[in-house]
Each structure stands twice: as C-alpha cells, then as structure tokens.
Amino acid sequence: MALFVVRHQHDAERCPAGNPETGAMLLNHLSRPNVSRHGVLIQGEAVVRDEHTLFLIVEAGDEGQVREFMQPFAMAGSLDVYPASTCARVVASGGCGAPMPVIESGVDAVDPEEACQRAIESGLVVHRAHPLNCETSIPALIGGVVMPNAHFYVRNHFQIPRLDPATWRLEVGGLVERPLSLGLRDLHTMRSQTLVVTLECAGNGRARLSPPVEGEKWDLGAVSTAEWTGVPLVEVLDRAGVKPGGREVVFRGADSGSVGERSGTIHFERSLGLADAQDSEVLLAYAMNGEPLPVQHGYPLRVIVPRWYAVSSVKWLSGIEVIGESFAGHYQSDAYFFEYERDGQVVREPATLQRVRALITEPRAADSLEPGDLAIRGVAWSGASPIARVEVSVDGGPWQESRLVGDRNRHSWQWWELITRIERAGTTTVRARATDLAGRTQPDEPPWNRLGYGNNAIQELTLRIGQPVTAR
Ligand SMILES: Nc1nc2c(c(=O)[nH]1)N[C@H]1C(S)=C(S)[C@@H](COP(=O)(O)O)O[C@H]1N2
Ligand SMILES: [Mo]
C-alpha cells in the first residue's frame, strides 16, 4: 500500500454538500464499509470550509485506485492526487528531495521509517531518525526498577540489521584452542544468568556542555535499566579456551557502514581486556525484561557489560575474536575516550565505568506546583560502586539526605526520594547530588572534554511554585 494526499475543490456555488441528497451520497461513499469495498484506506479527512476544499489522506495500491474511488468528487469539482510519505520517512531520508537511505551492506535492515515511527509512538524523544537515536522521556521513568522495553533509549551508529535467527551464528575465534560456531539454540542450552543492569550512553548530558561539542545532542535521558538474561561470557570463553597469548576480546556487531575517518565499510566493534572479559558478570544476553531482545536493542544477541558506559555492550553480536595486541577499531581509538588538555599536553583516557550521577525524575519543570509538601524523587547510579547517598538542596539551601528506596544493586540505578516543604511561591531550584560507596561524587560544573563524554554534573531543576489556592 502507498500513501496519497487527495485534494478536491469545487466552486462556491456548486458545493455538493449544499444539496442534502448529494451530501448524504458523498457521506455514504466515504463510509468505512464502502471505502473498504474499494480496497482503499482513509487515514484522515478534513474540509477547509471557506476554501471549499476537502483533503483526504488515503492508502491505496496505486494512484489509479485512488482516482477511481474519488470519481464522485471529480464530478463535483477538481481532483488532485499526490503520492505522499509519512513525516518519519521524510526525516529519516534527509528531506523531501532526498531518496530513502540505501542499505549499505549485504544484510537486511529494519525500515528506518518503521523504526522511527515506533519510537515516536512509544514516547521516546527522537534525536535522529536515521540512524535511529532517541532518548528516554524522563517523566516516563516512574516507579519500577526496570523500564518497559519500548521506553528504553536507543543509540545506533548504523542502520538496524534484521538478523534471521535460523541462520544467525556467533563465531568465536582468534587465539583460542577450539573455534566455535554457536546458534541461538546452543546458547539457550548453556548456563544462563539474569542481571538487572543500567545502561548509560557515554554521551548522556552532552547537550549541556559549554562550549558545545559535536556528536548526538543527548540531554539527560540516554540512560535506562532492564533485566537482561543470557550466557555469561566466561562460559563461552572457557569452552573455546583462550590461548596463552590472548590479551583482548573483540566483539563484532553485524551492523556496518562508512565513517569519515576510515576507508570502506566498517562494523561496529569494541574490545575488552581479557581480565574484564573474564569478569563473571559480562553477559551475552538474548532476553530483555523476559522477552527476546527487541530488534533495535540487538536481536538476537548482545553483550552486556554491567557498570560500564554502554558503548561496550555491543548489539547484534556476530563474532568474538581473541587477539594478542590492543584493538584499534574506530569506536575504540577514534571515539569514546575522554580527551583533555592538561599543562599543554593532550591527555586521553578511555571511557569505561559510568560516573556517579543522580537524575531527578519528579517533579518536572512543567508541573504546576503549590507551596506545601513537595516530593522529590529520582534515580542514581555509579559504575565504580553502589550509591551511598543522594542529597538534595532546595533553593541553594543545605544538602538534605534523601531516603534510598529498595535494595542496593551493584549494577543498576537506585531510587531515592525526599519529601520537603516549599514555603513560598515563586521560582525555586532543586539540585540532587549522588555519592557512591567509594566516595566519588558529582561536580558542580560539567566536566568539559573534546568529545563530550561523561557529563555527570549535578542536575539543577528550576520549578515555578504558584500561589496557594486560598479558601474563601
Ligand atoms: N552493534 C552495535 N552495538 C552498539 C551500538 C551500535 O551502534 N552498534 N551502540 C553502542 C552505544 S554507544 C550505546 S550507548 C548502546 C545503546 O544501547 P541501546 O540502544 O540498547 O540503548 O549500544 C552500544 N552498542
Ligand atoms: Mo553510547
């Protein structure tokens, strides 16, 4: 089916709806049973009365079918039929004049329009339609420890590959005693583990850096939590048997494309040092919140590296290779490191553990609030160690310790809340600061670095408190 916009116009003196019988006939023509008899679908109808113009959004097999269906209107005036696209398709393709993005590699890919439309309908905040990048809407972060899959932020560097579970294999090779080729069914029969893990993009908060830096302009929602189930990576590494010279483990995603700094087509690839890879908690996950991985989150298999920035959690995993040197792939050595200048020297540090951080989920800046009791809630996490405390300062006042809600979890965020009182109407600021058990805490100002990673500055929320409603 294709999409069309249809325009019918008539002379003011010849308005077909002016005659009750013709009007009724046209209404019957547009009725659902009649429309479906013609094999078309009406998505919307609107009349601009003073213009004597009717617009319809119609789905049909081709233009001829639309024209045939619109015959009664053509007789009453003029008829224009335009082939059309959804907004998601136009934005995903880069504008009205641009062709749809071509699939660069041999793999099948998810239709960018479909992926984008689904994200919008799920309430995600879209930053880029193609490749699809969207953050979690903070107000959607209410209550539970994990978030529904549809609300989980999405970060893609290339188009989303659609992998066939029947033919997909995980190839394990390089410096191993026994190269493996594992199917999904093989992985399902291996020992499984389930962990609740918070993923955060290293670029989360980048939009708040000043001066601005290039890269996706994430506000504060490039973070989410889910329960992941899969095979511990060590199981697979042990089965393959790492040879003595093995130093790093490279994970290859099935997604690919071209990037400025490298020639040809590259895959999304990241490595972990052998010791980190052998950490018993790195998972090869096939389920997210009890469901098979959604396609945009890496179906059928992804890496989950708890507590690390999520760039290491490679999606659409197709290969694992043990190598004897340090990996120099694009996403390892051209990006995802902190770069500062210190004493005239350029210093680089890879982005590994998530920095300690608190996020205020309630209230929202847009809420209408009144003086009186105010509940301030949010989440806090740190890759280095569990959260020790979250303190809140209202209107620049002293830090008040919030109550930590629920169990301490080593790999996922912790909910916290503070009930405080706001005495007067006007503008109030709320700040929240997390400290972890290792004593790390958040800076007042965003820690600027060239590529804009790890902005864990204390969040400050400005609230407008209205006049109390006075009883008469
Ligand atoms: N294969 C592949 N894996 C990937 C990426 C990617 O583009 N391709 N993006 C990484 C980055 S930067 C992040 S933040 C997380 C995002 O995971 P999500 O989309 O499931 O939230 O996936 C990581 N794994
Ligand atoms: Mo990321």
Side-chain angles (χ1 to χ4, degrees), residues 104-105 107 109-110 115 118-119 122 124-128 130-136 146-163 168 170 197-206 215-218 221-228 230 250-259 265-272 282-289 291-320 329-332 334-338 350-352 354-355 383 451-455:
E104 295 193 47
S105 61
V107 295
V110 175
R118 210 185 313 137
S122 307
L124 291 169
V125 181
V126 174
H127 281 272
R128 187 180 299 272
H130 185 71
L132 184 66
N133 280 288
C134 23
E135 66 178 80
T136 294
V146 300
M147 331 197 7
N149 291 349
H151 294 174
F152 205 98
Y153 83 98
V154 178
R155 201 301 177 233
N156 296 323
H157 292 79
F158 304 118
Q159 64 201 350
I160 301 171
R162 198 192 291 280
L163 304 174
W168 172 90
L170 173 65
V197 174
T198 294
L199 291 189
E200 181 188 15
C201 182
N204 194 25
R206 179 183 287 131
E216 297 296 311
K217 295 284 180 286
W218 300 112
V223 59
S224 304
T225 298
E227 181 194 82
W228 310 92
V250 181
F251 303 94
R252 162 179 277 218
D255 52 333
S256 63
S258 47
V259 295
T265 294
I266 63 161
H267 280 264
F268 186 88
E269 291 176 311
R270 287 278 302 181
S271 80
L272 284 177
V282 178
L283 281 188
L284 301 178
Y286 45 72
M288 179 177 184
N289 291 329
E291 292 165 25
L293 281 182
V295 65
Q296 69 274 29
H297 295 295
Y299 182 83
L301 193 74
R302 78 177 298 172
V303 183
I304 290 292
V305 185
R307 305 183 288 117
W308 283 47
Y309 281 117
V311 64
S312 295
S313 294
V314 176
K315 305 193 275 188
W316 310 291
L317 188 65
S318 64
I320 296 181
H330 174 70
Y331 296 103
Q332 197 98 13
D334 302 338
Y336 292 101
F337 48 81
F338 297 110
T352 57
Q354 296 163 13
R355 289 177 169 173
L451 300 172
Y453 297 121
N455 176 9

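Counting starts at 1 for both ligands and their atoms, following the listed order. Keep in mind that the numbers below use all heavy atoms, side chains included, and drop hydrogens, waters and symmetry copies. The structure displayed is predicted, hence computed values, not measured ones.
- Annotation: Phe158 is not in aromatic contact with Phe268 [ring centroid separation under 6.0 Å not met].
- With a 6.0 Å cutoff to the six-membered ring centre and a 45° limit on the axis angle, Arg355 counts as a cation-pi contact of Phe338.
- Ala310 O, 3.6 Å is the protein heavy atom nearest to atom 15 (C) of ligand 1.
- Nearest protein heavy-atom contact of atom 24 (N) of ligand 1 is Ser313 O, 3.0 Å.
- Of all protein heavy atoms, the one closest to atom 7 (O) of ligand 1 is His157 ND1, 2.7 Å.
- A side-chain donor-acceptor contact under 3.5 Å links Arg270 and Ser312.
- In summary, the aromatic rings of Trp228 and Phe152 are positioned with their centroids under 6.0 Å apart.
- The closest approach between Tyr336 and ligand 1 falls below 4.0 Å for a heavy atom of the residue.
- Heavy-atom distances between Glu200 and ligand 1 stay at or above 4.0 Å for every pair.
- Of the listed options Tyr331, Tyr153, Phe251, Tyr153 places a heavy atom closest to atom 21 (O) of ligand 1.
- Heavy-atom contacts of Val314 reach the following atoms of ligand 1: 1 (N), 3 (N), 24 (N) (cutoff under 4.0 Å).
- Backbone and side-chain nitrogen or oxygen atoms of Arg155 are examined, and one is located within less than 3.5 angstrom of a nitrogen or oxygen of ligand 1.
- Minimum heavy-atom separation, Ser318 to Ala254: OG-N, 4.1 Å.
- With respect to atom 1 (N) of ligand 1, the closest heavy atom belonging to the protein is Asp255 OD1, 2.8 Å.
- Ligand 1 has no N or O atom lying under 3.5 Å from any N or O atom of Trp316, backbone or side chain.
- Ranking protein heavy atoms by distance to atom 3 (N) of ligand 1, first place goes to Lys315 N, 2.9 Å.
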